[in-house]
Colleague: 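The structure follows.
Every chain is numbered from 1 and lettered A, B, ... according to where its sequence line falls, protein lines coming before strand lines.
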Amino acid sequence: MWAHLKDKSIILPAITAEEISKQVEPVLREMEKVGIKLDIDELKRFEGDIEEKANDLHNRILKIADCEINIDSPIQLADLLFKKFKLPTEGLKKTKTGISTAAGELGKIADKHEIIKLILEYRELKKLLTTYLKPLPLLVDEDGRLHTHYGQDTSTGRLNSFEPNLQNIPIKGKWGPKIRGCFVAQDGYKLISADYSQIELRVVACLAEDKEMMEAFNSGKDIHAETAADVFDIPLAEVSKEQRRFAKTINFGVLYGMSPYGLSQALNIPQNDAALYIAKYFDVYRGIKDYVNRMIDKAKTDGYVETLFGAKRELPNINSNYRVAVDADERIAINSPVQGTAAEILKLAMIRLADQLQVLGEKRKAKSEKPIARLLLTVHDELVVEAPEEDAEEISKLVKETMENVVKLCVPIEVEVGVGKNWAEAK
DNA sequence: ACAATGGTCC
DNA sequence: ACTCGGACCATTGTA
């Protein structure tokens, strides 16, 4: 499917998707066994702080509600907001059971009643408590380390993490970095975080062989600003914050098979405007437009699409009579090769890195008893490594080099590395 | 036990 | 009326 790419600037190792999955397997098992240290004392302190705040919010909400409802029940909450308080439901999404109380919907009526802000804040804290702060300490071993399990049974080839999932540890908001900061290096060690910069956009630029997007990656540092300049047809220096934000959303939207409606929702603009931006985007990035059409055609003809290393994704509904099902499969056809190829690049990097760290460990064995650097975590486009303090800077360079050179695409692959005592600091 | 709802991450 | 890719997990409420 991608054979035509391979005789150009792209250089891929001779390995199949199947073989990548097989070879990454022992790497995953070792990472599970090693685990990552959790600073339980620190986590408990945050738990106490947040529990107190959540309780306070809970009390204030019930006082305003002036009745005994369960705030955690969307049904009861909707009754309170839309029946008792008669808040406007116009423009709010509906669910099978009534009016949606999802954060995005409540945000739309946040200025209609003081209780909304309290509910949103309560929800945020409750989430942190029940999903992270309370359960995680129960799962650490006698050495204070947390051992996730990694799987590969996803539809795109990405890795998944469970019991516990360490791929959705908070990072945003006031508390995110504090919680991530509780994932720490063991004594005498540092954590190295290395993440691919815009890997999926770089991949699609290459799969699509889009001249303009390749140029953006080759020339500029800030791809979203470059895209804004291209789409709004202005010099890079004149791109406003707003325009960059738009461009960023469109760039992401492309990877997901965005519709005018989806973009209008994401940007909170009229659907007509969104349609115009998309049209302009595809006008500028002709190659991307062609890629989208090629993937849909391919799916309709063959019933599947595939990644750069040949992992297939079946699309059983692509020729169905139900438009929603067809639309859904079309979006998958657009996204899967991109997401899947990015996943393959990361897994390949893990295989290579594990290998190099192994070699390094053997060399060092003579001099020191200390285990050398070890791979701890993988989060889709990021790797977390634990290395002896004195080696951390050197190892971080090795990690970066390895990740950047595991394949050669038509645009440079860039990896951002950071070193720190904990996961938050390393990012 | 399971569906529905909601929320965290990339 | 509804709509954007891929995961995991908590809670409610029903079966």
Side-chain angles (χ1 to χ4, degrees), chain A residues 69-78 91 93-106 119-120 122-136 139 148-173 175-176 179-180 195-201 203-204 249-267 271 274 278 292 295 305 313 322-343 346 377-383 423 427:
Chain A
I69 69 152
N70 184 349
I71 307 167
D72 297 335
S73 162
I75 296 175
Q76 296 182 39
L77 183 61
K93 262 192 207 141
K94 287 171 192 154
T95 67
K96 291 176 182 178
T97 49
I99 310 292
S100 169
T101 67
E105 304 306 304
L106 292 189
I119 291 167
L120 291 174
Y122 165 77
R123 281 240 188 99
E124 182 191 348
L125 300 184
K126 187 79 193 290
K127 176 73 179 180
L128 297 178
L129 282 170
T130 59
T131 307
Y132 307 102
L133 295 169
K134 287 175 187 291
L136 288 181
L139 296 171
T148 184
H149 300 79
Y150 290 108
Q152 302 202 57
D153 38 17
T154 63
S155 43
T156 58
R158 268 190 176 186
L159 301 172
N160 58 331
S161 157
F162 58 96
E163 284 174 54
N165 181 3
L166 295 187
Q167 292 182 326
N168 70 347
I169 300 302
I171 186 58
K172 298 170 187 168
W175 296 97
I179 293 175
R180 209 167 264 223
D195 65 289
Y196 282 113
S197 164
Q198 306 297 347
I199 185 69
E200 292 194 354
L201 271 183
V203 165
V204 79
T249 303
I250 303 177
N251 271 332
F252 271 106
V254 167
L255 300 173
Y256 300 155
M258 152 190 68
S259 66
Y261 174 83
L263 185 64
S264 72
Q265 284 291 338
L267 288 175
Q271 204 169 321
I278 292 174
V292 165
M295 289 310 104
V305 293
R313 173 78 187 265
Y322 296 101
R323 214 204 68 208
V324 276
V326 174
D327 288 353
D329 266 9
E330 287 187 356
R331 292 191 292 270
I332 295 170
I334 295 164
N335 176 268
S336 271
V338 180
Q339 188 180 124
T341 300
L346 184 87
L377 302 178
T378 170
V379 193
H380 309 308
D381 64 355
E382 174 187 12
L383 296 178
W423 195 3
K427 282 216 95 175

Colleague: Should the side chain of Gln339(A) and the base of dG5(C) be counted as holding a donor-acceptor pair, with the cut-off at 3.5 Å?
Modeller: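 Present.
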Colleague: So what does Ala343(A) touch, heavy atoms closer than 4.0 Å: a base, only the sugar-phosphate, or nothing?
Modeller: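 No contact.
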Colleague: How close do Asn335(A) and Tyr256(A) get, heavy atom to heavy atom, and via which atoms?
Modeller: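 Closest pair (atom of Asn335(A), atom of Tyr256(A), distance): ND2-CD2, 3.7 Å.
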Colleague: Hey, is Tyr256(A) stacking on dC4(C)? Ring centres under 5.5 Å, planes under 30°.
Modeller: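 Here Tyr256(A) fails the 5.5 Å or the 30° condition.
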Colleague: Looking only at atom P, what distance separates dT5(B) and dC2(C), rounded to whole Å?
Modeller: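 My reading of the P atoms in dT5(B) and dC2(C) gives 12 Å.
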Colleague: What integer distance in Å separates Leu129(A):CG from dG6(B):C1'?
Modeller: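 Whole-Å distance recorded here is 16 Å.
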Colleague: Tell me the interatomic distance from Leu77(A), atom CG, to dG13(C), atom P, rounded to whole angstroms.
Modeller: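 Going from CG in Leu77(A) over to P in dG13(C) covers 11 Å.
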Colleague: What is the distance, rounded to the nearest whole Å, between atom CH2 of Trp423(A) and atom C1' of dT8(B)?
Modeller: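 After rounding, the reported distance stands at 12 Å.
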Colleague: Would a 4.5 Å heavy-atom cut-off, applied to side chains only, mark Leu383(A) and Tyr196(A) as touching?
Modeller: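 No, every pair of side-chain atoms sits at 4.5 Å or beyond.
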Colleague: Name the closest nucleotide to the Asp72(A) side chain, picking from dT5(B), dT11(C), dT3(C).
Modeller: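 So the side chain of Asp72(A) is nearest to dT11(C).
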Colleague: Give one of base, sugar-phosphate or nothing for Ser336(A), where a contact means two heavy atoms less than 4.0 Å apart.
Modeller: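 The answer is nothing, as Ser336(A) stays clear of every strand by at least 4.0 Å.
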Colleague: Roughly, in whole Å, what's the span from CG in Leu133(A) to C1' in dT8(B)?
Modeller: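 Whole-Å distance recorded here is 13 Å.
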Colleague: Closest approach of Arg180(A) and Pro170(A), non-hydrogen atoms and distance?
Modeller: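 Scanning both residues, the minimum pair turns out to be NE-O, 3.2 Å.
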Colleague: Considering all heavy atoms of both residues, which atom of Leu129(A) and which atom of Pro135(A) are nearest to each other, and what is their separation?
Modeller: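 Scanning both residues, the minimum pair turns out to be O-CD, 3.7 Å.
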Colleague: Ignoring hydrogens and angles, tell me if any N or O in the side chain of Thr154(A) forms a donor-acceptor pair with the backbone of Arg158(A) under 3.5 Å.
Modeller: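 Answer holds: yes.
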Colleague: Tell me, which of residues 154-170 of chain A have any heavy atom that sits under 4.0 Å from an atom in DNA chain B?
Modeller: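 The stretch gives Arg158(A), Gln167(A), Asn168(A), Ile169(A), Pro170(A) as the residues lying under 4.0 Å from the strand, ordered by number.
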Colleague: Looking only at heavy atoms, which two atoms of Thr148(A) and Phe162(A) are closest? And how far apart?
Modeller: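 Nearest heavy atoms, Thr148(A) then Phe162(A): OG1-O, 3.3 Å.
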Colleague: Considering all heavy atoms of both residues, which atom of Gln152(A) and which atom of Asn160(A) are nearest to each other, and what is their separation?
Modeller: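 Nearest pair, atom of Gln152(A) first, then Asn160(A): N-OD1, 3.5 Å.
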Colleague: In whole angstrom, what separates Gln198(A)'s CD from dG5(C)'s C1'?
Modeller: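 The distance from CD of Gln198(A) to C1' of dG5(C) comes to 15 Å, rounded to the nearest Å.
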Colleague: Between Thr97(A) and dT5(B), is there a contact of a side-chain N or O with OP1 or OP2 at under 4.0 Å?
Modeller: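 Looking at the OP1 and OP2 atoms of dT5(B), one of them is under 4.0 Å from a side-chain N or O of Thr97(A).
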Colleague: From dG6(C), dC10(B), dG6(B), pick the nucleotide closest to the side chain of Asp381(A)?
Modeller: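 Taking heavy atoms from C-beta onward, the closest nucleotide is dC10(B).
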Colleague: What contact category does Lys126(A) fall into here, base, sugar-phosphate, or nothing, at under 4.0 angstrom with non-hydrogen atoms?
Modeller: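 No contact.
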Colleague: Give the rounded distance in Å between these two atoms: CZ of Arg180(A) and P of dC10(B).
Modeller: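 Arg180(A) atom CZ is separated from dC10(B) atom P by 5 Å.
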Colleague: At under 4.0 Å, does any side-chain N or O of Ser73(A) touch on OP1 or OP2 of dG13(C)?
Modeller: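 For dG13(C), OP1 or OP2 has a side-chain N or O of Ser73(A) closer than 4.0 Å.
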Colleague: For a quick check of understanding: with a heavy-atom distance under 4.0 Å over all strands, which category does Ser259(A) fall into, base, sugar-phosphate or nothing?
Modeller: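 The answer is base, as Ser259(A) lies within the cut-off (heavy atoms under 4.0 Å) of a base atom.
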Colleague: Separation of Tyr132(A) atom OH from dA10(C) atom C1', in whole Å?
Modeller: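 Atom OH in Tyr132(A) sits about 10 Å away from atom C1' in dA10(C).
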Colleague: Hey, does Lys127(A) reach any base, or is it just sugar-phosphate, or nothing, if we go heavy atoms under 4.0 Å?
Modeller: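 Base: the residue Lys127(A), judged by heavy atoms under 4.0 Å, touches a nucleobase.
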Colleague: Less than 4.0 angstrom between a side-chain N/O of Arg323(A) and OP1 or OP2 of dC2(C), yes or no?
Modeller: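 Arg323(A) to dC2(C) OP1/OP2: no side-chain N or O under 4.0 Å.
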Colleague: Between Thr156(A) and Ser336(A), is there a side-chain donor-acceptor contact under 3.5 Å, judged purely by atom types and distance?
Modeller: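 The answer is no; no qualifying pair exists.
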Colleague: Compare the minimum distances between each of dG6(B), dA4(B), dA10(C) and the side chain of Pro135(A), then state the nucleotide with the smallest one.
Modeller: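 Closest nucleotide to the Pro135(A) side chain: dA10(C).
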Colleague: Distance check: side-chain N/O of Lys172(A) vs OP1/OP2 of dC9(B), anything under 4.0 Å?
Modeller: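 The answer is yes; a side-chain N or O of Lys172(A) sits under 4.0 Å from OP1 or OP2.
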Colleague: Reckon Asn70(A) touches a base, only the sugar-phosphate, or nothing at all at heavy-atom distances under 4.0 Å?
Modeller: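 Sugar-phosphate, no base atom in range.
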Colleague: If I take atom CG in residue Leu128(A) and atom C1' in nucleotide dC9(B), what distance separates them, rounded to the nearest angstrom?
Modeller: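 For the pair Leu128(A) CG and dC9(B) C1', the rounded distance is 13 Å.
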Colleague: Would you tell me if any nitrogen or oxygen in the side chain of Thr101(A) comes within less than 4.0 Å of OP1 or OP2 on dG6(B)?
Modeller: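 Yes.
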Colleague: What I want to check is whether the side chains of Asp72(A) and Tyr122(A) have a donor and an acceptor closer together than 3.5 Å.
Modeller: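 Checked: Asp72(A)/Tyr122(A) side chains pair up, N/O donor to acceptor below 3.5 Å.
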Colleague: Looking at every strand, decide which applies to Ile334(A) at a 4.0 Å heavy-atom threshold: base, sugar-phosphate, or nothing.
Modeller: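 The residue Ile334(A) makes no contact with any strand.
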Colleague: Picking from dC10(B), dG13(C), dC4(C), which would you name as closest to the side chain of Gln76(A)?
Modeller: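 For the Gln76(A) side chain, the nearest candidate turns out to be dG13(C).
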Colleague: Check this one for me: any side-chain N or O of Arg123(A) less than 4.0 Å away from OP1 or OP2 of dG6(B)?
Modeller: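 Checking Arg123(A) against dG6(B): no side-chain N or O falls below 4.0 Å of OP1 or OP2.
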